[in-house]
Amino acid sequence: MLEVKNLNAGYGHLQIIRDVNFSVNDGEVIAILGSNGAGKTTTVRAITGMLKPMSGSVNFNGQELCGKSSRAILDAGIIQVPEGRQLFTEMTVYENLELGAFSDAAREKLDESLKFCYKYFPKLEERTSQSAGTLSGGEQQMVAVARALIGLPKLLILDEPSLGLAPNIVDEILTVAHDMAKNNGISVILVEQDVNKALKTADKGYVIENGHVVLSGTSAELQNNEHVKRAYLGI
Ligand code: ATP
């Protein structure tokens, strides 16, 4: 479904990622792993059009998206939950969720989508009229994920969903991500520094170091890889 080839991107003249290659199949969760500053967010920003790539190919279901506007990429069905959630904290939970319905199709299905999200995150239904800024970090992450789901993604990108959250909340979010891929036809890219949790959720992973993919494989292969064990799993 998604094939990223030789993707190069950076900021101004500063190139951050070099010849990044990876693919995501239908119904798959893939993990993009690496430490602080490795280039993970830059990679997803280049895919979603938040950052104009320098060169490369981002083929999504046969459509070339490299260099297209973020709106065109959203319309193609790639929706990102940004690092740090980026909610409108003064607005209510409901208003934030409603903003996810950016297309006609999503607006038509809004009520159905809300029910779908409340099934996964029942706490949000109890807090629809509460301002988003007063929610706990975990609840805010749930709003951010639900807002993305309301946009009817075919590919959902979660950028560091575990950041600053308690382990049980992270597990809840990752379980939802897994369920989206396996039972709801939404493939998932999980960008994570928590390599242990990411590999437990994902089918396969790509390790980025200094802007390069230095390792890739199934989650089991990466869990048993000596470099991954030493550098990321502390084993
Ligand atoms: P983190 O887990 O900290 O988010 P990351 O792997 O996602 O790390 P990136 O955010 O992609 O890393 O950053 C990669 C490099 O790009 C870093 O050295 C960072 O300082 C640099 N960088 C990020 N954003 C900008 C920007 N807007 N302008 C210039 N350099 C940037």
Side-chain angles (χ1 to χ4, degrees), residues 2 4-24 29-58 65-70 73-74 78-87 137-138 140-141 144-145 147-148 153 155-167 169-171 173-174 177 187-202 204-217 219 222-223 225 227-234:
L2 179 78
V4 173
K5 277 196 187 152
N6 299 329
L7 190 63
N8 289 292
Y11 304 94
H13 293 299
L14 180 66
Q15 185 165 356
I16 301 290
I17 59 162
R18 286 174 197 276
D19 289 328
V20 166
N21 293 293
F22 68 91
S23 62
V24 190
V29 181
I30 73 134
I32 296 185
L33 309 166
S35 24
N36 254 333
K40 306 179 299 297
T41 296
T42 304
T43 301
V44 295
R45 294 186 81 216
I47 292 169
T48 57
M50 304 288 287
L51 181 65
K52 197 170 163 51
M54 291 165 168
S55 61
S57 169
V58 177
L65 296 179
C66 189
K68 293 267 169 70
S69 69
S70 32
I73 294 166
L74 269 176
I78 301 181
I79 302 185
Q80 183 181 353
V81 179
E83 187 174 357
R85 301 151 207 148
Q86 297 180 17
L87 300 180
Q140 290 192 19
Q141 186 67 55
V145 173
R147 182 179 60 183
L155 174 67
L156 180 69
I157 303 180
L158 300 172
D159 193 354
E160 305 265 6
S162 71
L163 214 63
L165 301 184
I169 306 281
V170 176
D171 290 342
I173 304 272
L174 296 184
S187 303
V188 176
I189 296 178
L190 180 59
V191 175
E192 262 299 339
Q193 275 187 51
D194 187 334
V195 173
N196 186 33
K197 280 199 191 297
L199 289 179
K200 283 187 179 147
T201 309
K204 64 185 190 197
Y206 297 84
V207 179
I208 298 193
E209 289 177 3
N210 298 319
H212 291 280
V213 175
V214 293
L215 265 177
S216 63
S219 290
L222 292 179
Q223 276 163 331
N225 179 281
H227 176 66
V228 172
K229 280 194 205 172
R230 229 184 4 259
Y232 300 100
L233 297 173

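Just follow the structure's listing: the first ligand is 1, and inside any ligand the first atom is 1. Computed from a prediction, not measured in an experiment: that's the story for all the values here.
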Checklist entry - Does some non-hydrogen atom of the protein lie less than 4.0 angstrom from atom 19 (C) of ligand 1? => result no
Next on the checklist: Looking at non-hydrogen atoms alone, which of Gly37, Gly34, Gly10, Gly84 comes nearest to atom 14 (C) of ligand 1?
Outcome noted: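 Checking each option, the heavy atom nearest atom 14 (C) of ligand 1 is found in Gly37.
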Item to check | Atoms of ligand 1 close to Ile16 [distance to a heavy atom under 4.0 angstrom, numbered from 1] | outcome: 14 (C), 15 (C), 16 (O), 21 (C)
Checklist entry - Taking only heavy atoms of Ala38, which atoms of ligand 1 are found under 4.0 Å from at least one of them? => result 5 (P), 6 (O), 12 (O)
Next on the checklist: With nothing but distance in play, are any N or O atoms of Gly39 less than 3.5 Å from an N or O of ligand 1?
Outcome noted: yes
Checklist outcome for this item: the protein heavy atom lying closest to atom 30 (N) of ligand 1 turns out to be Tyr11 CD1, 3.4 Å
Checklist entry - Within less than 4.0 angstrom of ligand 1, does Gly211 place any heavy atom? => result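 Distance cut 4.0 Å: Gly211 fails for ligand 1.
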Checklist entry - Counting only N and O atoms by type, is there a donor-acceptor contact under 3.5 Å from the side chain of Lys52 to the main-chain atoms of Ala9? => result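 No, Lys52 side chain to Ala9 backbone: no donor-acceptor pair under 3.5 Å.
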Item to check | From CA spacing to verdict: salt bridge (charged side-chain N to carboxylate O under 4.0 Å, His left out), Glu160, Lys40 | outcome: CA-CA 9 Å; Glu160 305 265 6; Lys40 306 179 299 297; 3.7 Å; yes
Item to check | Min side-chain heavy-atom separation Pro161-Val81 under 4.5 Å | outcome: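 Heavy-atom side-chain distance check fails, nothing below 4.5 Å.
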Item to check | Which residue and heavy atom of the protein sit nearest atom 10 (O) of ligand 1, plus the separation | outcome: Thr41 CB, 3.5 Å
Checklist entry - Among side-chain atoms of Ser55 and Asn8, is any donor-acceptor pair under 3.5 angstrom? => result yes
Item to check | Asn6, CG: over 12 other non-hydrogen atoms inside 6.0 angstrom | outcome: yes
Checklist entry - Under 4.0 Å from any heavy atom of Thr42, which atoms of ligand 1 are there? => result 9 (P), 11 (O), 13 (O), 14 (C)
Next on the checklist: Has Gln193 got a side-chain atom pairing as donor or acceptor with Val195's backbone, closer than 3.5 angstrom?
Outcome noted: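 No, because the side chain of Gln193 does not come within donor-acceptor range (under 3.5 Å) of the backbone of Val195.
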Next on the checklist: Using a 4.0 Å cutoff against the non-hydrogen atoms of Glu83, which atoms of ligand 1 qualify?
Outcome noted: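 Atoms satisfying the 4.0 Å criterion: 4 (O).
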Checklist entry - So is there a nitrogen or oxygen of Arg45 less than 3.5 Å from a nitrogen or oxygen in ligand 1? => result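 In fact, backbone or side chain, Arg45 has no N or O that close.
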Item to check | Heavy-atom pair of closest approach, residues Leu190 and Ala198 | outcome: CD2-CA, 4.1 Å
Checklist entry - For atom 1 (P) of ligand 1, what's the nearest protein heavy atom and its distance? => result Asn36 OD1, 3.6 Å
Item to check | Interfacing atoms of ligand 1 (cut-off 4.0 Å, heavy-atom, Ser35) | outcome: 6 (O)
Checklist entry - Donor-acceptor pair, Glu192 side chain versus Ser162 backbone, under 3.5 Å? => result yes
Checklist entry - Counting only heavy atoms not in Lys229, do more than 12 fall under 6.0 Å of its NZ? => result yes
Next on the checklist: At under 4.0 Å between heavy atoms, is it the side chain or the backbone of Gln193 that contacts ligand 1, or both, or neither?
Outcome noted: side chain
